[in-house]
Amino acid sequence: MLHRTLGRRATTATLALAAMLFTGAAVNAEEVKWDKKKVKYTAANGKLTMEFNNRVQFRYTLDDPEDGDDKGSFRVRRAKFKIAGKVFENWKYKIQAVWSGGSTTLEDAYFQYTKNKMAQLWLGQGKAWFGRQELTSSGKQQFVDRSITSGRFSHGRDQGLALIGKNDSKTFEYNLGIYNGNGRNRSSNDNDEYLYVGRVVFTPFGEYKPEESSLDYPESSKLAIGASILENSEGSNADEDVSRFGVEFAYKYLGLNMVGEYFTEELDLPGASDSVDTDGFYYQIGYLFPNKKFEIAGRYAVISPDVPFDADEIETGVALSYYMSKHNYKIQGDYRQIEDELADVTDDQFRVQIQFAF
């Protein structure tokens with residue numbers, strides 16, 4: 001108990017100093033509070049709040065390719081630091097950096113004007129509003145990581161503007177965005193076009209946050225259904241036009257939970273007479289046992305280009321999770337099989353990961 005108390009005092013003092021440097025004003029230690037899993041600073045005037053979070057994922061992966069020898073690897077998959085809160089009463093902000101991968105990289109840096117729930121201005125760098133699994137934090141996944149389908153069709157982070165909102169009953173939300181279209185941390189747009197996204201989601205039985213599993217163990221059904229579109233022109237000459245459409249759903253009741261998405265893409269290449277069409281989907285189903293600690297889940301995902309030969313990529317997997325403190329502190333393991341019909345190979349992969357979010 002003594003080391004925990006001393007550790008908290010040291011962290012509180014450190015965060016008080018960080019808040020002072022950030023705000024340029026003197027900070028009293030009592031303005032920094034421990035709130036369950038978060039450390040929160042609230043300025044004396046109430047116009048600034050700051051929450052500090054860290055997240056680390058340590059993973060072991062055993063690859064068993066059809067051709068070649070088995071290989072096991074340890075890896076810090078993600079190590080992130082986040083500062084989030086409110087400033088000037090109506091502005092919400094988030095700044096997040098990732099330390100893993102050999103360098104420090106800015107992931108998120110945005111502000112959101114929250115005064116009107118149905119029309120909130122969002123500006124900065126963050127995830128483009130396309131793909132439910134992509135918009136679900138990597139720390140709140142049911143498997144060790146996202147599906148191959150999500151990785152193929154989602155756009156990820158970009159820089160731009162968005163208008164977002166939800167109604168008071170939290171049964172409907174929408175997202176409209178315009179971005180550079182060439183990814184995060186770019187100094188400028190790479191062509192004279194933009195990326196456009198639009199998304200609508202209906203949650204008829206009340207709010208359904210983008211979080212996999214069923215850790216809240218709802219005693220009545222929760223459902224989310226939505227659709228999204230994406231238009232982008234890629235390349236320095238804006239000569240590759242990409243159009244994507246996606247539908248999503250999620251359902252949970254007690255320990256039963258399901259999530260899935262379907263995507264279709266049309267890609268126009270320079271000099272080509274016909275566009276290249278690609279479809280894809282994934283489906284996951286899981287059951288969290290009544291102790292709210294153990295969960296088993298299954299996944300099936302497909303990426304299917306419309307070409308005159310077999311070129312599908314198929315992921316089949318099963319996952320086991322042990323939640324010690326919901327998604328904050330958990331151990332997950334999954335086994336998946338990736339079939340590449342074009343290369344005519346099937347590779348197996350086993351992954352184990354422990355996550356600390358604090």
Side-chain angles (χ1 to χ4, degrees), residues 4 7-8 10-12 14-15 18-19 22 32-41 49-61 73-86 92-112 124-129 131-147 150-151 154 156-158 184-185 209-216 259 284 286 288 292-293 295 297 319-334 351-358:
R4 185 179 299 175
R8 287 194 172 189
T11 303
T12 299
T14 301
L15 294 178
F22 188 82
V32 180
K33 304 294 184 182
W34 287 82
D35 179 15
K36 294 182 179 180
K37 302 300 178 183
K38 299 179 181 179
V39 185
K40 185 175 182 178
Y41 160 75
T49 64
M50 301 173 65
E51 291 183 358
F52 301 81
N53 299 90
N54 292 279
R55 176 156 56 90
V56 179
Q57 295 175 344
F58 182 67
R59 181 183 301 181
Y60 174 76
T61 302
S73 304
F74 294 102
R75 180 187 183 188
V76 177
R77 176 62 179 91
R78 295 179 177 91
K80 300 188 178 187
F81 175 71
K82 179 180 73 174
I83 302 174
K86 286 192 173 183
K92 175 182 174 181
Y93 70 91
K94 177 182 177 181
I95 302 170
Q96 179 169 273
V98 58
W99 298 338
S100 52
S103 63
T104 302
T105 303
L106 180 68
E107 282 197 336
D108 298 296
Y110 64 78
F111 288 87
Q112 182 178 328
Q125 176 171 287
K127 291 181 179 178
W129 304 95
R132 183 179 185 87
Q133 193 167 64
E134 173 65 19
L135 295 173
T136 301
S137 167
S138 58
K140 296 183 177 182
Q141 297 290 321
Q142 191 169 45
F143 274 65
V144 170
D145 223 323
R146 298 181 177 93
S147 67
S150 177
S154 62
R157 289 175 168 86
D158 215 309
R184 67 186 185 186
N185 298 327
K209 294 181 179 179
E211 177 177 327
E212 295 185 356
S213 186
S214 188
L215 293 168
D216 55 346
V259 62
Q284 288 176 206
L288 179 68
K292 302 179 184 179
K293 297 292 184 181
E295 181 179 51
L320 296 173
S321 299
Y322 177 57
Y323 301 100
M324 289 166 279
S325 181
K326 295 188 175 180
H327 282 296
N328 293 314
Y329 179 24
K330 62 183 179 180
I331 299 175
Q332 295 179 293
D334 64 19
R351 304 179 293 186
V352 179
Q353 180 172 279
I354 183 168
Q355 172 172 288
F356 299 91
F358 54 94

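A donor-acceptor pair is defined here as one N or O able to donate and one able to accept, closer than 3.5 Å; such a pair exists between the side chain of Gln125 and the backbone of Asn185. Not one N or O on the side chain of Asp158 forms a donor-acceptor pair closer than 3.5 Å with the backbone of Ala128. With hydrogens and angles disregarded, no donor-acceptor distance shorter than 3.5 Å links the side chain of Lys82 to the backbone of Glu51.
Within the 4.5 Å cutoff, the side chain of Trp99 has heavy atoms near those of the Asn54 side chain. A heavy-atom distance below 4.5 Å is found between the side chains of Phe58 and Phe74. A 4.5 Å side-chain heavy-atom check between Tyr329 and Ile354 finds at least one atom pair inside the cut-off. Residues Thr61 and Arg75 fail the side-chain proximity criterion, which asks for heavy atoms closer than 4.5 Å. Arg351 places a side-chain heavy atom less than 4.5 Å from the side chain of Asp145. Residues Ser137 and His327 form no side-chain contact, since every pair of their non-hydrogen atoms from C-beta on lies 4.5 Å or further apart. In this structure, Asp216 and Lys209 have side chains that are not in contact, with every pair of non-hydrogen atoms separated by 4.5 Å or more. No side-chain heavy atom of Thr49 sits under 4.5 Å from any side-chain heavy atom of Tyr41.
Side-chain atoms of Ser147 and Gln133 form a donor-acceptor pair, as typed in the model, at a separation below 3.5 Å. Side-chain contact of Thr136 with Arg146: a donor-acceptor pair under 3.5 Å is absent, judged by distance alone. Ser321 and Gln332 form a side-chain donor-acceptor contact under 3.5 Å, judged by distance and modelled atom types alone.
For the side chain to side chain donor-acceptor pair (under 3.5 Å) with Asp108, the lone residue among Arg184, Lys127, Lys80, Arg157 that qualifies is Arg157. A side chain to side chain donor-acceptor pair (under 3.5 Å) with Arg78 is found for one member of Gln353, Glu107, Gln57, Gln355 and no other, namely Gln57.
In this structure, Tyr93 has its ring center at least 6.0 angstrom away from the ring center of Tyr110.
Between Ile95 and Leu106, the closest heavy-atom pair is CG2-CD1, 4.3 Å. The two atoms that bring Ser100 and Ala79 nearest to each other are OG-N, 3.4 Å, heavy atoms only.
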Do Phe358 and Asn53 pass the side chain to side chain contact (heavy atoms under 4.5 Å, CB included) test, and can you show the C-alpha distance, the side-chain angles, and the key distance before you say yes or no? CA-CA 6 Å; Phe358 54 94; Asn53 299 90; over 6 Å; no
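Note: Gln96 CD to Arg55 CZ = 6.5 Å, rounded to the nearest 0.5 Å. Once rounded to the nearest 0.5 Å, the distance linking CD of Glu211 with CG of Leu135 reads 14.0 Å. We find the OG-CG distance between Ser213 and Leu288 to be 5.0 Å, quoted to the nearest 0.5 Å. Rounding to the nearest 0.5 Å places CD of Gln142 at 4.5 Å from CD of Glu295. Atoms NZ and CE, from Lys40 and Met50 in turn, are 12.5 Å apart once rounded to the nearest 0.5 Å.
Heavy-atom contacts from other residues, nucleotides or ligands closer than 6.0 Å to NZ of Lys92 number 12 or fewer.
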